Protein chains: 2
Amino acid sequence: MFLKNIDLIKGLYYSKAASLNDLSIYTGRSVPYVTKGIADLIKSDIVKEVGIRASSGGRKPATYSLIAETGFIISVAMNQFLTRIVIVNMSNEFVGEVQEFELKLNDNKDAIHSLIACIQAVVVNSGLPKDKFLAIGITMPGFIDAFLGNNLSFLKSPEETLVTYINKQAGLPVFIENDSTAIALAEQKFGLPIARNNSMIINLGWGVGLGMIINKEIFKGHSGFAGEFSHLPLHKNGKLCSCGKQGCLETEASLLAIEAKAIEGLRQGEVSSLVKYDTLSADDIITEALKGDAFAIKIISEAAYFIGQGLAILLHLMNPESIILSGKGSVIGKLWLSPIQQAMNEHCIPHLTTYTQLAVSNLGNNAQLLGGVTTVIENLYKLSPQASISEPA
Amino acid sequence: MFLKNIDLIKGLYYSKAASLNDLSIYTGRSVPYVTKGIADLIKSDIVKEVGIRASSGGRKPATYSLIAETGFIISVAMNQFLTRIVIVNMSNEFVGEVQEFELKLNDNKDAIHSLIACIQAVVVNSGLPKDKFLAIGITMPGFIDAFLGNNLSFLKSPEETLVTYINKQAGLPVFIENDSTAIALAEQKFGLPIARNNSMIINLGWGVGLGMIINKEIFKGHSGFAGEFSHLPLHKNGKLCSCGKQGCLETEASLLAIEAKAIEGLRQGEVSSLVKYDTLSADDIITEALKGDAFAIKIISEAAYFIGQGLAILLHLMNPESIILSGKGSVIGKLWLSPIQQAMNEHCIPHLTTYTQLAVSNLGNNAQLLGGVTTVIENLYKLSPQASISEPA
DNA sequence: AAAACTTTTTATTTTTTTTAAAAAGTTCAA
DNA sequence: TTGAACTTTTTAAAAAAAATAAAAAGTTTT
């Protein structure tokens with residue numbers, strides 16, 4: 001669709017409306033060069049001028065933005081139990097509602113086919129012509145090899161890579177990314193300003209994920225496995241973890257651990273509004289905690305304290321500008337804050353806590369979906385006409 | 001001395017002899033551009049051609065290197081008790097012997113003056129004309145603000161910054177850096193190839209330091225305090241640490257802890273060749289461990305296991321290409337290796353240990369001195385004629 | 001209301017890279 | 001062992017991009 005000027009498109013996507021100067025700074029190229037590029041993009045009907053912006057003493061700059069309907073991206077955000085899909089336009093606006101599908105990742109041979117069916121349903125129901133879709137961005141837990149396009153933990157496809165398989169079935173380019181990495185990408189591009197340069201993004205979910213932004217870039221380690229916060233060996237509780245080891249942080253601090261603790265507590269006769277639920281879920285605990293249920297708040301606070309202990313270690317090693325609580329669990333952000341801060345203060349050299357800000361994401365439950373979009377935008381350069389798209393079988 | 005082409009000089013310094021192609025890759029600039037730059041440097045008598053190198057099927061490249069006597073760097077490597085100083089030429093060769101001075105950093109008001117006296121002695125004894133010295137690179141423990149030129153922990157100077165003060169007294173430009181960061185720099189530039197891109201450099205010394213190389217660059221965190229490995233809160237031993245907290249890794253795993261354990265053990269009647277020393281030092285323990293003393297080896301192995309536990313955490317978070325054991329304690333490198341590897345295997349997800357290499361530095365006890373030189377080379381661009389050098393009082 | 005200052009935009013010059021061609025070797029096979 | 005085919009380095013010419021300078025369009029101050 002558009003070969004050149006990919007960096008300009010990226011800059012425009014992340015900023016809504018940008019001046020030539022903004023784009024020159026973003027891309028690191030000269031103003032005349034950017035000026036030419038934008039002229040090209042306007043001629044190709046990808047970019048439009050959107051008016052003059054105020055200035056603090058000088059000529060007012062013309063600002064530009066992408067034309068929303070130029071293309072659409074399908075973002076697929078998966079977790080262990082639920083898959084959420086939404087269509088997003090080039091103004092980073094959701095087109096239609098977010099659609100939810102129950103889809104179990106673990107021990108589910110049919111997971112790939114279910115996923116493809118979900119995606120195809122969304123495409124068809126949208127009523128949009130297929131050639132308007134740029135690509136599909138799928139984000140999910142597990143060890144992801146984004147380069148080869150495989151998930152080493154879930155959705156294993158025989159013979160060909162996961163990305164190739166879905167690409168063939170759906171007839172659209174596909175990019176995959178780890179859920180926590182995707183959330184970090186979303187926070188960096190659309191979140192709080194303090195998350196841009198050196199930030200540790202915590203994904204509060206069925207595990208406790210970590211995406212690291214180091215020197216303005218996502219850091220994934222030498223072989224792509226960095227950020228294994230969830231499996232930090234911090235406890236001597238003897239609890240077996242899904243990874244095979246014992247005492248991992250996630251055995252005490254994940255939503256899964258919270259769920260288990262709540263069920264156990266209720267069986268031992270804790271007084272709580274949680275007793276009214278037949279099959280207790282993490283969502284129920286979150287709901288009741290927000291309403292003020294003391295027991296629900298207590299188990300969440302306990303988990304939060306353990307996360308704070310882990311963050312103390314992260315602080316000693318990384319000295320980040322900020323720690324952002326994001327992901328599914330961040331909707332009860334304020335409940336986490338004080339026990340986490342407490343644990344950090346107790347376990348850190350004072351120097352370190354004073355320079356790092358702890359904050360709750362402002363992206364709510366949409367962080368992972370935005371991360372899927374960002375994954376596509378960051379891979380836009382791979383969508384040149386040469387890298388042709390296979391048609392569905 | 002030389003304004004432009006600083007990157008070329010850096011490339012030549014780190015590679016001994018480089019072809020135009022090598023330098024083009026190193027600097028990221030085109031071959032014709034590099035060719036011009038080298039021609040300039042040859043005209044200025046800074047660079048010389050040093051012959052033709054073998055090729056694997058093609059025209060043999062001419063190689064170039066810096067002229068050794070163009071300038072000299074004074075490297076000052078300090079630790080809690082000892083200061084080592086050496087003069088280094090532009091071929092990265094030591095000129096004369098490394099000189100050692102006993103100089104206590106802690107509770108020593110006179111430390112700055114002693115340091116300046118030591119430096120001046122080395123300059124005078126060298127017999128080299130003063131204008132041949134480029135700069136002094138001082139490396140030492142503590143929270144270093146390399147930008148402002150201050151050490152927040154030791155050598156506090158009233159009124160002006162540490163760097164300004166020494167600069168005035170010695171009449172030469174001064175750069176300072178944290179000892180562990182300096183060692184990481186040295187390993188990156190002169191150490192094993194696996195230390196270049198993503199590597200965790202452990203400084204085995206009076207504490208357990210950490211310098212991080214992330215995406216080919218030294219990472220110091222948002223406010224310069226990253227890599228506080230020594231004060232990772234990993235133990236519940238109640239031992240008070242110099243940082244004010246309890247249970248830091250260094251209370252069990254540093255040379256200081258090893259020393260204390262040995263003295264305590266001997267008092268409790270351990271059989272060991274260490275009994276013959278009046279005032280036992282870490283050096284003595286190292287010496288006897290190398291000779292095979294069982295008790296000395298045992299306490300070193302215990303410390304090593306604790307370091308391995310800490311490294312397991314580092315591995316989960318950073319997934320580095322390599323972990324390099326460097327610094328003063330690395331001379332007994334082989335003694336550390338197996339207990340560290342053991343602890344890492346026990347506490348890590350298998351995926352992670354298989355992709356990370358554990359190795360002992362090949363720089364021996366010179367890593368910190370080379371780090372001081374590297375600190376100067378990395379700051380070469382600040383030595384332009386404009387940034388004039390103050391003359392001594 | 002005009003002078004002084006800012007910021008953006010456009011035009012011109014200079015720098016740097018890209019591309020192409022030439023030079024100098026190496027390798028392999030008849 | 002000799003020359004064709006291939007590699008790599010070096011040099012030369014063309015194209016691209018950046019830096020600089022100038023002009024345009026505002027804002028602020030006096």
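In this text the structure is predicted, and so the values were computed from the model without any measurement.
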Leu20(B) or Gly28(A): which one's nearest nucleotide on DNA chain D is closer to the 5' end? Leu20(B)
First of Tyr64(B) and Gly58(A) reached from the 5' end of DNA chain D, by closest nucleotide: Tyr64(B)
Side chain of Pro32(A) only, heavy atoms from C-beta on: which candidate in dT7(C), dA11(C), dT9(C) is closest? dA11(C)
Would Asp22(A) and Ser19(A) count as having a side-chain donor-acceptor pair, cut-off 3.5 Å? yes
When rounded to whole Å, the CD1 to C1' distance for the pair Ile38(A) and dT8(C) reads 15 Å
Give me the atom names and distance for the closest heavy-atom approach of Asn89(B) to Ala68(B). CB-O, 3.3 Å
Among the nucleotides dT10(D), dT8(D), dT8(C), whichever has the atom closest to the side chain of Ala62(B) is dT10(D)
Grab the CZ-P distance between Arg53(B) and dA24(C) for me, whole Å please. 19 Å
Picking from dT9(D), dT18(C), dT8(C), the nucleotide nearest the side-chain atoms of Arg59(A) would be dT8(C)
Can you see which heavy atom on Gly149(B) is nearest to which on Thr161(B), and at what distance? O-CB, 3.6 Å
Given dT16(C), dA18(D), dT7(C), the nucleotide with the shortest approach to the side chain of Arg29(A): dA18(D)
Considering only distance and modelled atom types, tabulate donor-acceptor pairs under 3.5 Å from the side chains of residues 183-193 of chain A, sequence neighbours left out.
unit_1, atom_1, unit_2, atom_2, d
Glu187(A), OE1, Ser361(A), OG, 3.4
Glu187(A), OE2, Ser326(A), OG, 2.7
Glu187(A), OE2, Ser361(A), OG, 2.5
Gln188(A), NE2, Lys216(A), O, 2.7

Assess, by modelled atom type and distance only, whether the side chains of Thr70(A) and Asp45(A) contain a donor and an acceptor separated by less than 3.5 Å. no
Asn5(B) CG to dT15(C) P, in whole Å, measures 14 Å
Below 4.0 Å: OP1/OP2 of dA18(D) and any side-chain N or O of Tyr33(A): no
Out of dT8(D), dT7(C), dT10(D), which has the shortest distance to the side chain of Ser55(B)? dT8(D)
Report the distance from atom CD1 of Ile25(B) to atom P of dT17(C), rounded to the nearest whole Å. 14 Å
Any Lys36(B) side-chain nitrogen or oxygen under 4.0 Å from OP1 or OP2 of dT15(C): no
Nearest to the Lys60(A) side chain among dG26(D), dT11(D), dT9(C), which nucleotide is it? dG26(D)
When the distance from CG of Asn21(A) to P of dG26(D) is rounded to whole Å, what number comes out? 16 Å
Closest nucleotide among dT7(C), dT9(C), dT11(D) to the Val31(A) side chain: dT9(C)
